[in-house]
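Following: one structure in structure tokens, then a few remarks.
Every heavy atom of this structure was used, including side-chain atoms; hydrogens, water molecules and symmetry mates were not. This one's a predicted model, so the numbers in the text were calculated from it and none came from an experiment.
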Amino acid sequence: AAAPPALAPARRADASALSAAETETIALFEKATKSVVFIDTFVERRDQVAAPAVEVPAGTGSGFVWDADGHVVTVSRGPPADVV
């Protein structure tokens with residue numbers, strides 16, 4: 001099978017045609033986007049018949065990097081810490 005055609009990069013609208021709010025939103029996005037994270041959480045489950053544990057999805061979410069140490073702030077959407 002042939003590879004799908006490459007997508008052309010999105011073109012940004014002429015900045016002079018944007019409102020002040022749109023320009024500010026774009027600037028905020030460009031500044032903050034590098035700190036946004038996507039989070040997947042998994043838990044181990046054991047089947048009564050199968051011996052090895054398997055990881056099953058437990059939740060997803062997003063957050064942001066808080067500091068240079070890499071701490072992430074998010075709303076808890078996964079299992080309680082004692083379950084993981």
Side-chain angles (χ1 to χ4, degrees):
L7 297 175
R11 290 186 296 172
R12 181 183 278 185
D14 179 15
S16 64
L18 301 175
S19 70
E22 290 170 319
T23 302
E24 291 170 12
T25 300
I26 291 169
L28 175 62
F29 173 82
E30 289 175 344
K31 182 178 178 182
T33 191
K34 294 176 186 166
S35 67
V36 176
V37 297
F38 175 78
I39 301 163
D40 268 332
T41 56
F42 296 85
V43 294
E44 284 189 353
R45 295 283 160 88
R46 291 190 186 275
D47 188 307
Q48 291 181 353
V49 178
V54 294
E55 288 188 341
V56 295
T60 60
S62 61
F64 59 92
V65 179
W66 179 256
D67 59 21
D69 291 329
H71 294 103
V72 174
V73 176
T74 185
V75 174
S76 176
R77 291 185 177 93
D82 61 340
V83 173
V84 178

Exercise. Which other residues belong to the hydrophobic cluster containing Phe38, where Ile, Leu, Val, Met, Phe, Trp and Tyr are joined when side-chain heavy atoms lie under 4.5 Å apart, directly or via other members?
Worked result: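 Result for Phe38 is none, singleton.
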Problem set entry | Linked hydrophobic residues, Val37 as query - side chain contacts closer than 4.5 Å |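 Its cluster partners, ordered by chain and number, are Ile39, Val65, Val72.
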Exercise. By side chain to side chain donor-acceptor pair (under 3.5 Å), which residues pair with Asp69, not counting sequence neighbours?
Worked result: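 Result, side chain to side chain donor-acceptor pair (under 3.5 Å) vs Asp69: none returned.
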Exercise. Can you name the residues that form a side chain to side chain donor-acceptor pair (under 3.5 Å) with Glu22, not counting sequence neighbours?
Worked result: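 Result, side chain to side chain donor-acceptor pair (under 3.5 Å) vs Glu22: Ser19.
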For this session: Provide the closest heavy-atom pair for Val43 versus Ala58 in the form atom of the first, atom of the second, distance.
Result: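 Scanning both residues, the minimum pair turns out to be CG1-CB, 3.9 Å.
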For this session: Enter the distance from Thr33:OG1 to Leu28:CG here, rounded to the nearest 0.5 Å.
Result: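 Those atoms lie 10.0 Å apart.
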Exercise. Within the side chain of Ser35, is there an N or O that forms a donor-acceptor pair under 3.5 Å with the backbone of Phe64?
Worked result: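 A pair under 3.5 Å: no.
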